[in-house]
Amino acid sequence: MTGSNNRTPLIAGNWKMNTTAEEGHALAVGILEGISARAVGFSTVGCDIGFYPPATSLGLIADLCSTFEGCRVLVGAQNMHAETSGAFTGEISSAMVLSCGADSVLLGHSERRHVFNETDSEIGAKMETAVDAGLTAVLCVGETIEERDAENTTEVVGNQLEAGLEKLTEAAQLEEVIIAYEPVWAIGTGRTATPAQAQEVHAFIREQLGSAFEKRGAKGAGHEKTRILYGGSVKPDNAAELLSQPDIDGALVGGASLDAESFLGICEGCG
Ligand code: PEP
């Protein structure tokens, strides 16, 4: 359901390094069939959904979703390189993502930042490449537990946001961005931010986006249209309360996105 703010919620599954092509196909079919079967709630416009499968299944999943009419489906990569081609063994480019039929990419996920040591400036460069290529870029930000305990959450998130958006110098480019707030301490830990904790950071992010749009000369309130997703141990039993917060416009889901029924249960939390 589109709320009074006109932002259609997005429930996106980050499958990480899980699912073979066959398994991913079965998972996506299960979810799409589940959406079609649930006439009440979101069969047409209740929420958008997103699949972020491993790159090896991107084409297959994009193909499968291309004819689906039950709701809007974003299909995206979990990462990509900032350069458009070249000697970068093992990497994929924005054009490759697009050529699979995908339309989105996750950038700056905490596992990319903390396991693969991606820096803010690398993420900023990827954001520019992705948006320039026409992809919907999902910029992930979030603090570690040490940073939260030291009361540095807004500073850390503010810096990640600024660096991630730095190279997007036009307001129109910012319109192609979705933000995912994912406190690192809540990812894959079973520990979720309380709705109030999440809302507080989401409101801060929206305020920062307001300044970012303004700095780029935007006339309207572009930041009121930007979707800000929450991620971190979202499950069917905690989704509705998180999603009812005024600045939480959906969820980026890891573990629970690997099971069709749990993913659908989270979608139902959109009301
Ligand atoms: C994620 O990886 O983006 C995530 C939020 O994972 P989980 O839902 O498993 O905490």
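Order of appearance sets the numbers: ligands from 1, and atoms from 1 within every ligand. Worth knowing before you read on, the calculation uses all heavy atoms, side chains too, and leaves out hydrogens, waters and symmetry mates. Note that this is a predicted model, so its numbers are computed, not measured.
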Asker: Under 4.0 Å between a Lys/Arg side-chain N and an Asp/Glu carboxylate O for K126 and E118?
Answerer: yes
Asker: Ignoring hydrogens, what is the shortest heavy-atom contact between A130 and V105? Give both atom names and the distance.
Answerer: CB-CG1, 3.7 Å
Asker: Applying the side-chain contact (heavy atoms from CB on, under 4.5 Å) test to W185, which of E146, E147, R191 qualifies?
Answerer: R191
Asker: When you look at CD of E241, are more than 12 heavy atoms from neighbouring residues, nucleotides or ligands closer to it than 6.0 Å?
Answerer: no
Asker: Please say which of I31, I266, L74, L264 ends up in a side-chain contact (heavy atoms from CB on, under 4.5 Å) with I49.
Answerer: I31
Asker: Looking just at side-chain N and O atoms, do Q173 and D132 make a donor-acceptor pair shorter than 3.5 Å?
Answerer: yes
Asker: Tell me, which residues have any heavy atom less than 4.0 Å from some atom of ligand 1?
Answerer: N14, K16, H109, E182, A186, I187, G188, G231, G232, S233, L252, V253, G254, G255
